Colleague: 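The structure follows.
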Amino acid sequence: MKRNLKFWTRHTWESMGVELGATALLAVLALFGADGLDWSFFASTVPLFLCISAMFGIVMINSGSQSLYVPLLISLGETRRNVFWGFHYFRALVIAVTLALCALIWLAAPGEVSTAGLRSLPTLLCVLAAVSALGSIMGTIFTRWRWAGMILIIIICGGGGGMLGATGAIAANGGFSQADTLMLVSYLMKTPWWLAAAAMAAVALDAAFQWVLLRKQEVRL
């Protein structure tokens with residue numbers, strides 16, 4: 001189990017590099033597109049770019065992990081139980097690190113947006129958990145039924161790519177105004193009950209679905 005956790009921890013840091021790279025790209029676009037930039041306000045918007053990058057990255061990395069790393073670990077003799085818990089540990093660690101970075105940035109750049117952002121962390125947790133579960137389910141389906149998984153990948157990645165592209169376009173034009181950003185973050189301050197329920201249901205469905213297929217999964221060397 002120790003070797004398994006070490007592997008997934010290293011995979012987490014590598015995945016965070018992709019997430020931080022996408023965030024840096026969006027931040028640079030926002031810097032070049034801004035006119036008379038308020039640095040304090042800009043810093044308070046970086047966590048929003050980070051969360052958007054995390055959602056897109058989580059879907060892609062979860063899917064790739066299910067179709068590549070999970071079968072690889074089983075072929076190397078790792079037990080299915082350890083692979084199952086190690087993969088969920090990796091997902092939880094990515095989300096925890098993302099939210100911790102958001103909180104640190106908001107604490108370092110006080111203001112109305114940052115205050116609202118800190119209070120929106122529970123909502124962001126639900127969103128990231130649901131998106132992570134969706135990416136994992138997509139990877140599991142692709143491993144078991146490639147045609148169905150490919151359809152899901154096209155639909156989800158098309159939507160995610162569009163969202164990331166729209167965010168990049170907004171960032172290149174200076175990003176959201178302070179009033180719009182505050183309105184967006186304020187909307188996230190109150191976690192809707194249906195979002196919390198959907199996140200828990202998605203995580204539970206993903207775990208059950210993955211475990212059932214993982215027990216039957218065969219890996220040919």
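Keep in mind it's a predicted model, so treat the numbers as computed, not measured.
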Colleague: Using 30° and 60° as the class limits, which term best fits the ring planes of F90 and F87: parallel, tilted or perpendicular?
Modeller: tilted

Colleague: Would you sort out whether V94 and S132 count as a side chain to side chain contact (heavy atoms under 4.5 Å, CB included), showing the intermediate values?
Modeller: CA-CA 10 Å; V94 169; S132 178; over 6 Å; no

Colleague: As an exercise, state the distance from CD1 of I105 to CG of L48, rounded to the nearest 0.5 Å.
Modeller: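 It comes to 10.0 Å.
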
Colleague: Do side-chain atoms of T79 reach the backbone of N82 as a donor and acceptor pair under 3.5 angstrom?
Modeller: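 Yes: the side chain of T79 pairs with the backbone of N82.
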
Colleague: Give me the atom names and distance for the closest heavy-atom approach of L50 to C102.
Modeller: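 For L50 and C102, the tightest heavy-atom pair comes out as CD2-SG, 3.7 Å.
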
Colleague: Identify the heavy atoms of S136 and Q210 that sit nearest to each other, and give their distance.
Modeller: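 Reported closest heavy-atom pair: OG-OE1, 4.3 Å.
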
Colleague: Are L121 and L125 linked, directly or through intermediate hydrophobic residues, by side-chain heavy-atom contacts shorter than 4.5 Å (ILVMFWY only)?
Modeller: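 In one cluster with L125: L121, yes.
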
Colleague: So, do T23 and I52 sit near enough that their side-chain heavy atoms are less than 4.5 Å apart?
Modeller: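 Not in contact.
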
Colleague: Would W194 end up clustered with V127 when hydrophobic side chains under 4.5 Å apart are linked, directly or stepwise?
Modeller: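 Per the 4.5 Å side-chain linkage, W194 and V127 are co-clustered.
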
Colleague: A130 and A199: which non-hydrogen atoms are nearest, and at how many Å?
Modeller: CB-CA, 4.1 Å

Colleague: F84: what forms a ring-ring contact (aromatic ring centres under 6.0 Å, His included) with it, not counting sequence neighbours?
Modeller: H88, W211

Colleague: May I ask whether L128 and L20 are part of the same hydrophobic cluster, defined by side-chain heavy atoms of I, L, V, M, F, W, Y residues being less than 4.5 angstrom apart, directly or through others?
Modeller: yes

Colleague: Between CG of L205 and CD1 of I137, what distance do you get to the nearest 0.5 Å?
Modeller: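 These two atoms lie 4.5 Å from each other.
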
Colleague: Is W13 reachable from I95 through a run of hydrophobic residues whose side-chain heavy atoms are each under 4.5 Å from the next?
Modeller: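 Result: yes, single cluster for both.
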
Colleague: Drop me the distance from R91's CZ to I61's CD1, to the nearest 0.5 angstrom.
Modeller: 12.5 Å

Colleague: Looking at residues at least two apart in the chain, or sitting in another chain, which of them share a salt bridge (Lys or Arg N to Asp or Glu O under 4.0 Å) with R10?
Modeller: E14

Colleague: Which is it for W8 and L93 under the side chain to side chain contact (heavy atoms under 4.5 Å, CB included) test, yes or no, and what are the steps along the way?
Modeller: CA-CA 9 Å; W8 287 112; L93 189 57; over 6 Å; no

Colleague: Are any of the side-chain heavy atoms of E19 and V97 separated by less than 4.5 Å?
Modeller: no

Colleague: For the CE atom of M55 and the CG atom of L134, what is their distance to the nearest 0.5 Å?
Modeller: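 Those atoms lie 12.0 Å apart.
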
Colleague: Can you see which heavy atom on C51 is nearest to which on L124, and at what distance?
Modeller: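 Answer, listing the atom of C51 first, then L124: SG-CD1, 3.9 Å.
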
Colleague: Transitively linked via ILVMFWY side-chain contacts under 4.5 Å: Y89 with V83?
Modeller: yes

Colleague: Roughly how far apart are L104 CG and L99 CG, rounded to 0.5 Å?
Modeller: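 The distance works out to 11.0 Å.
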
Colleague: Working to the nearest 0.5 angstrom, can you tell me the gap between C126 SG and W193 CH2?
Modeller: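 Separation between the atoms: 13.0 Å.
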
Colleague: Should I58 and T98 be marked as a side chain to side chain contact (heavy atoms under 4.5 Å, CB included) after you check the CA-CA gap, both sets of side-chain angles, and the distance that decides it?
Modeller: CA-CA 11 Å; I58 282 174; T98 299; 5.7 Å; no

Colleague: Looking only at non-hydrogen atoms, find the nearest pair between W106 and G117 and report the distance.
Modeller: CZ3-O, 3.2 Å

